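Since the structure comes first, as structure tokens, the remarks are kept for the end.
Letters A, B, ... mirror the listed sequences (proteins, then strands); counts begin at 1. Just so you know, these numbers come straight off a predicted model, no measurement behind them.
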Protein chains: 2
Amino acid sequence: MKRKRIPQTTIARLPLYLRYLLKLARKGLRIISSYELAEHVGTNAAQLRKDLSYLGEFGTRGVGYDVAELIRQISKCLGLTKEWKIAIVGMGKLGPALLGYKGFEQEGFKIVAIFDKNPKKIGKKMGNLVVSDVTNLKEVIEKVGGVDIGIITTPASVAQKVANQLIDAGVRAILNFAPVTLGVPSNVVLRQVDLTTELQILSFHLT
Amino acid sequence: MKRKRIPQTTIARLPLYLRYLLKLARKGLRIISSYELAEHVGTNAAQLRKDLSYLGEFGTRGVGYDVAELIRQISKCLGLTKEWKIAIVGMGKLGPALLGYKGFEQEGFKIVAIFDKNPKKIGKKMGNLVVSDVTNLKEVIEKVGGVDIGIITTPASVAQKVANQLIDAGVRAILNFAPVTLGVPSNVVLRQVDLTTELQILSFHLT
DNA sequence: CTATGTGAAGAACTTCACAGCT
DNA sequence: AGCTGTGAAGTTCTTCACATAG
């Protein structure tokens, strides 16, 4: 097939495929069909095959997909072969919860710096990191050798300012939990996780 | 216009419009153009006008939209005129963080029950609620007069079981934070918030 | 003249259905 | 015979561009 740009929607599904494949691998399964895999991630076989076809041809007709091979290919596509360095800004309630989440490190995301602006929190140890003053964000990030992804868990009122600081410190990807729409230059990737929005969407469907 | 079904994508944007409109209202602004509103929520004017056109015709040509009226209409569409009752299952790290989040109550989402299975946590007071045993989920939910939305913040391994319990207790909408794809009957609405997935999507774009 | 509302065109995504390998 | 890979068809969403109203 002529290789085309991978659709956004496909990219969003790849992590789900990967997660289930890793589960299968742990159980010792070696082969899986598009039907079974699709079923477990809540999609259909045609969709799954189309998604995978954007990455290449990894299946065996009449048989199915090799679990280990698929894991390798999806990981490669998602850029999960290297370790990404993360900074979290905002050590209120959500920040420490994310810091304590074991899942990240397992998947190759390493938190290397945490920030807050509250003097009572600065210098405090959390996990195995010490909270830095957000005022020194750029210097601290330089000292740890740069950060790939910035997670914003501050109040909405300061989120844009923090985003600007992160970008100024060379961060190229931002995951924002603050309930505000951020503006970033086109060379920076932004994802928004918005709890109130999620609840409001549920509310719509309940109505 | 003949009123058609509102697209999913429009529904996902309405909360963003609403949030910015509320900010404007607080500042005392009464009129806003599609251009300015679109700019602040990261979309374009045509998109915004099309989105709003699904709800009705609220603008004034040559002038713009009345802020208060738009707030009223979007709130109505999203079903935000009543208070929704929420239960959180899983009082590990994320659960308490969500419980402490002030944003929910402000927007009409009231947390009325919290659950865990750890005996050390059951009976403990958190916020102004007491942690109930997840084993009694159905009875507790009945006692508080029913719950509209269930939030799952348990480990992935028990998330499906918890989802089933919630559904059995009459919950019709679920917001799942556990890193696993849940299966629910078609009369139940499910939204997934998946932190690892978000990071992996960012990773893709960094690669 | 300004800004909305909206058919129509265009782009993106999903599903179909079957050819192509094993 | 069984399951993948994929053009083509179908659907949904976005953008255009202009008629319409104030």
Residue whose closest nucleotide on DNA chain D lies nearer the 5' end, B:D51 versus A:L52 | A:L52
With sequence neighbours left out, which residue pairs that include part of residues 89-101 of chain B fulfil the salt bridge (Lys or Arg N to Asp or Glu O under 4.0 Å) condition?
-> none
Could you state the OH-C1' distance from B:Y54 to D:dC13, rounded to the nearest angstrom?
-> 7 Å
Please state how far atom CZ in A:R13 lies from atom C1' in C:dC13, giving the value in whole angstrom units.
-> 8 Å
Can you check the B:Q8 CD to D:dT14 C1' distance for me, whole Å?
-> 16 Å
For A:Q192, does the CD atom have more than 12 heavy-atom neighbours from other residues, nucleotides or ligands under 6.0 Å away?
-> yes
Would you please confirm or rule out a distance under 4.0 Å between OP1 or OP2 of C:dT14 and any side-chain N or O of A:T9?
-> yes
Around atom NZ of B:K23, are there more than 12 heavy atoms of other residues, nucleotides or ligands at under 6.0 Å?
-> no
Might you work through the side chain to side chain contact (heavy atoms under 4.5 Å, CB included) test for A:L166 and A:L137, ending with a clear yes or no?
-> CA-CA 7 Å; A:L166 285 166; A:L137 188 136; 4.0 Å; yes
Starting at atom CG of B:D66, determine the distance to atom C1' of C:dT4, rounded to an integer number of angstrom.
-> 14 Å
Backbone N/O of A:S34 and side chain of A:R49: donor-acceptor pair under 3.5 Å | no
I would like to know whether B:Y65 and B:L21 meet side chain to side chain contact (heavy atoms under 4.5 Å, CB included); could you show each step before the answer?
-> CA-CA 10 Å; B:Y65 295 94; B:L21 288 165; over 6 Å; no
Whether each nucleotide of nucleotides 15-22 of chain D has a protein heavy atom under 4.0 Å at its base (B), only at its sugar-phosphate (S) or at neither (-) is summarised, 5' to 3', as B-B-BBBS
To the nearest angstrom, the CZ-C1' distance between B:F58 and C:dG5 comes to 12 Å
Closest nucleotide among D:dT4, C:dT4, D:dT14 to the A:Y65 side chain | D:dT4
Atom-pair distance (CD1 on A:I11; P on C:dC13), nearest Å | 9 Å
Whole-Å distance, B:I6 CD1 to D:dT12 P, equals 15 Å
Which is it for B:V193 and A:F177 under the side chain to side chain contact (heavy atoms under 4.5 Å, CB included) test, yes or no, and what are the steps along the way?
-> CA-CA 11 Å; B:V193 175; A:F177 287 82; 5.6 Å; no
Which residues in residues 16-33 of chain B have at least one heavy atom lying under 4.0 Å from any atom of DNA chain C?
-> B:S33
Is A:Y35 touching bases, backbone alone, or none of the nucleic acid, heavy atoms closer than 4.0 Å?
-> base
Can you establish whether the number of heavy atoms outside A:K117 located under 6.0 Å from its atom NZ is more than 12?
-> no
Rounded to the Å, how far apart are A:Q73 CD and D:dG5 C1'?
-> 16 Å
